[in-house]
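What follows is a short report on a single structure.
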Amino acid sequence: MDARLQRRVQRYGWDKAAAYYERFWARQLEPQRPLFFQLGTGETLALNLEAAGFEGITVERLSTTLAYESGADACGAAFAGGPMALAYDRFDEPTREEAHAEYLTSIAPYRRGAGYHVPGEFVVGIAHR
């Protein structure tokens, strides 16, 4: 993961999940590895939309706090329900447990009681053809 992308991911509490994801793809699924997180850096999303033939492109960054009632909810959102789902579906049970433990350790500073309040950022593009 390049340094600029790493800083952005660290800022929003997803660094360990993203790092685990990168290692998993590199170890098991190359060269199919998608680069989901890179679309959020610089003008990458806008440039990709333009290259795909879209016009009137607007890109916005939305900062938020992702609230999870439990560690299981946080892991579900990070792995099973997010951009890592394709890789996560291929994890065996020991790999899933390792990923969950590593991710929960990384978001421990955001723990609030039994749940977590993790800072997040989403990059949204609006365009038309």
Side-chain angles (χ1 to χ4, degrees):
M1 186 178 299
D2 73 32
R4 190 172 51 165
L5 177 58
Q6 183 66 30
R7 283 190 303 276
R8 177 167 295 286
V9 171
Q10 284 175 337
R11 178 176 165 200
Y12 292 103
W14 295 325
D15 58 328
K16 295 296 183 189
Y20 193 89
Y21 171 75
E22 288 290 320
R23 285 195 313 275
F24 179 82
W25 276 102
R27 190 171 66 234
Q28 299 191 22
L29 301 174
E30 283 291 349
Q32 306 170 46
R33 180 175 50 122
L35 302 173
F36 298 110
F37 294 107
Q38 289 186 2
L39 287 175
T41 60
E43 298 298 317
T44 305
L45 180 57
L47 293 171
N48 276 269
L49 288 169
E50 183 178 355
F54 288 93
E55 299 176 348
I57 299 166
T58 302
V59 175
E60 293 185 35
R61 294 183 181 284
L62 307 172
S63 294
T64 189
T65 299
L66 305 169
Y68 305 109
E69 292 184 17
S70 67
D73 288 345
C75 287
F79 293 103
M84 295 181 232
L86 180 60
Y88 186 79
D89 284 346
R90 299 177 188 202
F91 287 9
D92 58 20
E93 193 56 35
T95 303
R96 286 182 183 203
E97 290 174 10
E98 179 184 341
H100 293 178
E102 188 172 325
Y103 181 58
L104 292 175
T105 297
S106 77
I107 64 171
Y110 309 112
R111 188 164 189 158
R112 303 294 179 269
Y116 296 83
H117 290 125
V118 181
E121 179 182 76
F122 296 89
V123 181
V124 179
I126 302 167
H128 63 86
R129 251 194 232 237

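On a predicted model such as this, the values are computed, not experimentally measured, just so you know.
With rounding to the nearest 0.5 angstrom, the OG1 atom of Thr95 is 10.5 Å from the NE2 atom of His100. The NE2 atom of His117 sits 12.0 Å away from the CZ atom of Arg111 when rounded to the nearest 0.5 Å. Separation of atoms CD (Glu98) and CG (Asp92) is listed at 9.5 Å; rounding is to 0.5 Å.
The side-chain heavy atoms of Tyr110 and Thr65, taken from C-beta on, include no pair separated by under 4.5 Å. In this structure, Arg96 and Phe79 have side chains that are not in contact, with every pair of non-hydrogen atoms separated by 4.5 Å or more.
Residues satisfying the side chain to side chain contact (heavy atoms under 4.5 Å, CB included) criterion with Ser70, sequence neighbours excluded, are Ala72, Asp73. Taking the side chain to side chain contact (heavy atoms under 4.5 Å, CB included) definition, one finds that Glu97 meets it with Glu93, sequence neighbours left out.
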Can you give me every donor-acceptor pair (side chain of residues 122-129, partner residue at least two apart or in another chain, under 3.5 Å) with its distance?
| from | atom 1 | to | atom 2 | distance (Å) |
| --- | --- | --- | --- | --- |
| Arg129 | NH1 | Ala52 | O | 3.2 |
| Arg129 | NH2 | Ala52 | O | 3.0 |

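Nearest heavy-atom pair across Ala74 and Tyr103 is O-CE2, 3.7 Å.
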